[in-house]
Amino acid sequence: MDNDATEPKVVVGVDGSPSSYEAVRWAVRYAGLVGGTVDAVAVWELPGLYGWSAPAVDMDVDEDETRQKMRQELTEVLGADGAEAVRTHVVHGNPADVLLRAAEDAEVLVVGSRGRGGFARALLGSVSQHVSQHASCPVVIVRSEKK
């Protein structure tokens with residue numbers, strides 16, 4: 001996730017939830033104000049990595065297809081011009097860890113207040129909580145307008 005060092009980098013986590021879409025909108029507005037770039041990061045991980053056994057699942061993730069779907073969702077959220085200005089990254093790993101690494105050289109990390117984490121996230125703590133405590137840059141947690 002390299003970047004031109006002269007432009008401030010804004011990293012935003014995207015998981016398809018309403019609050020992550022609000023976070024993307026916020027990140028794009030902020031980047032526009034500071035003359036920065038936006039890196040939207042979607043993270044996927046395998047189920048069953050947290051001490052419980054899930055049924056066998058074919059986890060052959062097509063990252064190009066996932067990136068294309070992400071691009072379509074960003075176009076719906078931001079419009080064609082807005083989505084074109086956002087760099088997309090699809091990364092395998094723990095969401096909090098991936099976002100923290102992506103934001104190491106960022107001006108700000110933006111995440112939604114509620115994602116699609118489900119039961120495992122309820123047990124382990126939220127991504128927004130984890131990154132707000134461990135990021136090397138400021139973290140903005142954006143709430144969804146939809147309740």
Side-chain angles (χ1 to χ4, degrees), residues 1-5 7-31 36-144 146:
M1 290 180 240
D2 56 289
N3 167 45
D4 181 352
E7 296 180 326
K9 181 170 82 167
V10 178
V11 174
V12 59
V14 180
D15 67 1
S17 67
S19 65
S20 80
Y21 292 153
E22 290 296 326
V24 168
R25 288 183 191 100
W26 193 97
V28 169
R29 284 192 306 271
Y30 181 79
T37 61
V38 177
D39 284 4
V41 181
V43 184
W44 64 276
E45 62 185 331
L46 298 174
L49 296 179
Y50 300 107
W52 61 277
S53 179
V57 178
D58 179 14
M59 292 303 296
D60 187 23
V61 174
D62 182 339
E63 289 190 24
D64 289 334
E65 182 179 319
T66 303
R67 190 173 287 105
Q68 182 178 8
K69 184 175 189 285
M70 182 180 176
R71 177 66 53 199
Q72 289 171 344
E73 289 180 7
L74 289 174
T75 300
E76 290 173 16
V77 172
L78 301 170
D81 291 339
E84 193 61 36
V86 175
R87 296 183 295 211
T88 59
H89 307 276
V90 177
V91 183
H92 172 257
N94 174 277
D97 292 342
V98 169
L99 290 172
L100 288 170
R101 278 194 311 275
E104 285 176 351
D105 60 344
E107 176 157 314
V108 66
L109 171 59
V110 186
V111 293
S113 62
R114 293 242 186 252
R116 295 186 179 259
F119 183 68
R121 201 69 70 235
L123 290 176
L124 299 170
S126 73
V127 172
S128 60
Q129 180 182 27
H130 186 82
V131 299
S132 70
Q133 294 172 350
H134 299 284
S136 59
C137 65
V139 176
V140 175
I141 301 172
V142 180
R143 294 191 184 279
S144 172
K146 299 176 184 174

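Just so you know, these numbers use all the heavy atoms, side chains as well, and skip hydrogens, waters and symmetry mates.
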Name each donor-acceptor pair under 3.5 Å that joins a side chain in residues 133-142 to protein atoms two or more places apart or in another chain, with its distance.
none

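- Salt bridge Arg101/Glu104: absent, no basic N to carboxylate O contact under 4.0 Å.
- The side chain to side chain contact (heavy atoms under 4.5 Å, CB included) check on Asp81 picks up nothing, with sequence neighbours excluded.
- In this structure Arg67 satisfies the side chain to side chain contact (heavy atoms under 4.5 Å, CB included) test together with Glu63, Asp64, Thr88, Val90, sequence neighbours excluded.
- Contact check for Trp44 versus Thr66: no side-chain heavy atoms found under the 4.5 Å cut-off.
- The heavy-atom pair separating Ala23 from Val110 by the smallest distance is O-CG1, 3.5 Å.
- The CG atom of Asn94 lies 9.0 Å from the CG atom of Leu99; values are rounded to the nearest 0.5 Å.
- Of the inter-residue distances, the one linking Asp39 atom CG with Lys9 atom NZ reads 5.0 Å to the nearest 0.5 angstrom.
- Heavy atoms only, all atoms of each residue included: Ser20 and Gly13 are closest at CB-O, 3.7 Å.
- For Glu73, the side-chain hydrogen bond (donor to acceptor under 3.5 Å, both in side chains) criterion is met by Tyr21, Lys69, not counting sequence neighbours.
- For Ala31, the side chain to side chain contact (heavy atoms under 4.5 Å, CB included) partners are Val10, Val38, not counting sequence neighbours.
- In plain terms, the two heavy atoms of Val86 and Ala40 that are nearest each other are CG1-CB, 3.6 Å.
- Contact record, Val43 with Gly93: CG1-O, 3.1 Å, taken as the closest heavy-atom pair.
- Annotation for Arg87 and His89: closest pair O-CD2, 3.9 Å, computed over non-hydrogen atoms.
- Nearest heavy atoms, Val127 versus Pro95: CG2-CB, 3.8 Å.
- Atom-to-atom distance recorded for Leu78:CG and Glu84:CD is 11.5 Å, nearest 0.5 angstrom.
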